[in-house]
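Chain A is the first sequence line, chain B the second, and so forth, proteins listed ahead of strands; every chain is numbered from 1.
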Amino acid sequence: MTALSEQKMDATEARLAAMTLPTSAPWLAEAREAALARVQAAGLPSRRDEYWKYTRPDTLVQAEALPAAVFETDEEPVFANVDRLKVVFVDGVFDADLSDPLEGEGFTIERLADVAAMDIHWAKDLYGTLETNGQDPVKRPLAALNTAYATDGVVIRVTGKVSRPVSLIYIHKSESSDAILHHVIKLEEGADLTLLENGPAAARLNKVLEVDIADNAGFHHVRAQGRDHERRAVTHIFARLGTESTFKSFTLTVNGQLTRNEAVIELTGDDAVAHVAGACLGDGDFLHDDTVFITHDAENCESRQVYKKVLRNGATGVFQGKILVKNRAQKTDGYQISQSLLLDDDSQFYAKPELEIYADDVACSHGSTSGAIDDEALFYLRSRGVPAPIATDLLTLAFLAEAVEEIEDEALAEEIVCRLEGWLTRRRKD
Amino acid sequence: MLEIKGLKVKLEEEDKQILKGVDLTVESGKVHAIMGPNGSGKSTLSYVLSGRDGYEVTGGEATLDGEDLLELEPEERAAAGLFLAFQYPVEIPGVGNMTFLRTAVNAQRKARGEDEISASDFLKLIREKAKTLKIDADMLKRPVNVGFSGGEKKRNEILQMAMLEPKMCILDETDSGLDVDAMKLVADGVNALRDEGRGFLVITHYQRLLDHIKPDVVHIMADGRIIKTGGPELALEVENNGYADILAEMA
């Protein structure tokens with residue numbers, strides 16, 4: 001390995017010097033120390049790294065989180081009408097009073113901070129494991145940093161088909177909060193879980209979600225990242241899929257100065273299906289980065305990446321998506337689309353789609369486009385009496401539809417559409 | 001009543017005069033047809049009246065019941081009662097046909113200071129109108145015009161016309177791309193909408209559409225002007241002899 005640049009070492013040391021490894025039982029302390037070693041070996045990302053070419057990581061790396069004003073709204077939070085198990089974190093700390101009792105049919109759920117004190121726990125085999133696997137071939141030091149220093153999160157083991165979603169709610173109260181959350185989810189054979197996430201979480205959030213999906217199990221994930229304008233976040237999802245298992249994840253992102261969402265997915269059992277999708281709405285001082293890495297390492301698997309971004313007033317969108325098909329992954333069906341709708345000349349979209357294929361019998365397609373509202377369609381709508389701003393919104397929602405359609409549950413999809421409509425309507429009034 | 005006086009229009013991008021002084025009046029309750037060779041300015045006239053970008057009006061006026069159309073945005077012209085059935089209806093992926101029509105109906109009602117139509121009344125109305133045009137429930141649910149055949153697209157235009165109940169309908173080559181059966185279906189839809197309070201301007205190349213939608217007045221357009229006006233027999237003359245005779249006669 002090449003030696004790290006001095007600048008990178010200094011930046012990494014400066015960050016680490018400001019942190020202390022949380023006290024944990026030996027099994028977890030071991031995982032934390034190993035993760036810390038990964039951070040030290042790789043160094044934290046800098047703008048010179050190829051993987052961070054379009055997104056400056058400085059504010060995610062620096063020791064002090066920049067403050068972020070708390071966004072006041074009397075709007076009902078997303079998923080409020082969904083029957084769910086509520087698990088609430090305030091500025092990155094679990095809040096038992098605001099949460100439902102941590103129990104339910106078909107699964108166990110515990111707090112990472114509690115599990116950390118136990119002599120031994122099943123999470124030992126998983127905590128940091130998928131993150132470690134995800135460090136090759138591309139280093140993800142901010143995820144390793146998370147594994148080392150995460151102070152809270154949930155540990156869920158699913159044994160059956162869970163009837164109502166587990167809903168992680170992230171409330172942001174302090175303007176200077178700096179949260180590191182790490183969740184571990186293990187789905188046993190044939191199990192099924194829907195996970196919801198919403199809220200801005202903190203001024204700065206570093207979150208890792210590790211999901212291990214056994215044969216025939218299904219994991220559904222719908223996330224709405226909070227509306228705070230100034231928040232910054234880096235999140236990683238690491239998923240491993242067994243035979244005939246399903247992973248479906250959708251993320252809605254509105255506002256936020258900086259968001260980097262990484263999804264690192266490994267299809268290790270035959271006939272598995274992984275879909276990741278995202279809809280993002282950016283206005284003004286906004287950068288949203290979706291970085292996806294899907295590895296096909298089994299036969300006859302399907303993967304889809306569907307990312308749509310609506311950008312205006314100088315907002316920036318980034319997409320880095322890769323499909324890696326290993327030589328034994330015959331009959332792979334891979335699809336990737338990343339598109340941006342630029343509502344003015346100031347906004348920007350950077351896309352880097354990649355395919356790397358070693359098997360000879362696969363079907364992979366990818367596409368990336370950037371464009372404005374279709375004038376023909378706009379005129380057609382207006383000629384029927386639809387005023388231009390409403391017509392523009394209809395076409396904007398239509399543009400996002402392919403991503404939203406990735407949400408299987410109709411009620412959850414409807415929740416997301418309502419959010420999108422709300423955002424557009426508010427912008428219309430501004 | 002649609003009144004066009006001395007309308008002159010050029011393309012914005014290139015300095016090319018398309019309409020060179022069009023005079024035309026279509027009274028309520030009447031069907032006027034415009035025929036003419038390719039490039040005579042027929043479609044331009046329909047686009048300019050409906051407010052499409054890319055054209056510059058260099059002279060003349062166009063009013064609907066006294067209201068100056070050329071001053072209005074496209075959606076305002078629609079609310080004022082103007083409707084253009086497109087020659088090439090636009091496909092809009094992601095926008096459901098039903099959502100689109102309900103948005104349009106309610107936007108027009110709102111612009112006219114009327115109450116919005118309730119979801120159930122709308123549903124009842126659209127099902128009834130769709131049935132007569134042989135548009136099935138599936139077509140109503142699909143995205144606007146996406147995957148529709150040529151005939152389905154034109155029927156969908158007529159459905160929109162029926163739902164929006166305009167005062168003045170312009171049909172731009174509605175017969176293009178239609179087989180005989182589809183044309184009859186579309187014509188029946190139009191005829192069902194013929195009413196004392198509604199005028200029609202039917203733009204076509206061919207006489208055959210006019211066999212089904214019987215015009216009161218026929219105009220021949222050439223080189224950006226109306227060069228001849230007459231009764232339905234004028235359309236037959238074109239059908240039999242082509243435009244050459246008329247053009248020569250006028251030259």
Chain A: which of B:Leu82, B:Val90, B:Leu101, B:Val95 shares the most heavy-atom pairs with it under 4.5 Å?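 The option with the most such pairs is B:Val90.
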Under a 4.5 Å heavy-atom cut-off, does chain A meet the side chain of B:Val144, its backbone, both or neither?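 For B:Val144, the side chain is the part near chain A, not the backbone.
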Against chain A, label B:Arg77 side chain, backbone, both or neither, depending on which of its atoms sit under 4.5 Å from a heavy atom there.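 Neither part.
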Over 12 foreign heavy atoms within 6.0 Å of [atom1], [X]:
X        : atom1 : result
B:Asp136 : CG    : yes
B:Arg112 : CZ    : yes
A:Lys352 : NZ    : yes
B:Phe122 : CZ    : yes
A:Tyr335 : OH    : yes
A:Glu421 : CD    : yes
B:Glu196 : CD    : no
B:Met98  : CE    : yes

Nearest heavy atoms of A:Phe379 and B:Gly51, plus distance in Å: CE1-C, 3.6 Å
Using every non-hydrogen atom in the two residues, find where B:Ala104 and A:Val386 come nearest and quote the distance to one decimal. CA-CG2, 3.7 Å
Of the backbone (N, CA, C, O) and the side chain (C-beta and beyond), which part of A:Leu400 lies under 4.5 Å from a heavy atom of chain B, both, or neither?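 No part of it gets close to chain B.
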Which bit of A:Ala388 is near chain B, if near means a heavy-atom gap under 4.5 Å: side chain, backbone, both or neither?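 Both backbone and side chain.
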Nearest 0.5 Å please: distance from the CG atom of A:Leu394 over to the OG1 atom of B:Thr103. 5.0 Å
Between CG of B:Asp53 and CZ of A:Arg382, what distance do you get to the nearest 0.5 Å?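 Atom-to-atom, B:Asp53:CG and A:Arg382:CZ are 7.0 Å apart.
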Answer whether the closest heavy-atom distance between the side chains of A:Phe399 and B:Pro93 falls below 4.5 Å.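 Contact flag for A:Phe399/B:Pro93 side chains = no.
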Donor-acceptor pairs are to be reported for all side-chain atoms of residues 156-166 of chain B against protein atoms at under 3.5 Å, with residues two or more places apart or in another chain.
from	atom 1	to	atom 2	distance (Å)
B:Asn156	OD1	B:Asn97	ND2	3.1
B:Asn156	ND2	B:Asn97	OD1	3.3
B:Asn156	ND2	B:Asn145	OD1	3.1
B:Glu157	OE1	A:Arg384	NH2	2.7
B:Glu157	OE1	B:Phe86	N	2.8
B:Glu157	OE2	A:Tyr380	OH	2.2
B:Gln160	OE1	A:Arg384	NE	2.5
B:Gln160	NE2	A:Tyr380	OH	3.1

Could you check A:Leu381, A:Asp374, A:Leu378 and say which one makes a side-chain contact (heavy atoms from CB on, under 4.5 Å) with B:Ile92?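 Answer to the side-chain contact (heavy atoms from CB on, under 4.5 Å) test with B:Ile92 among A:Leu381, A:Asp374, A:Leu378: A:Leu381.
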Can you tell me which of A:Ser383, A:Ala391, A:Gly385 forms the most heavy-atom pairs within a distance under 4.5 Å of chain B? A:Gly385
Verdict with reasoning, A:Glu376 to B:Arg52, per side-chain contact (heavy atoms from CB on, under 4.5 Å): CA-CA 9 Å; A:Glu376 290 281 322; B:Arg52 190 192 183 108; 2.5 Å; yes
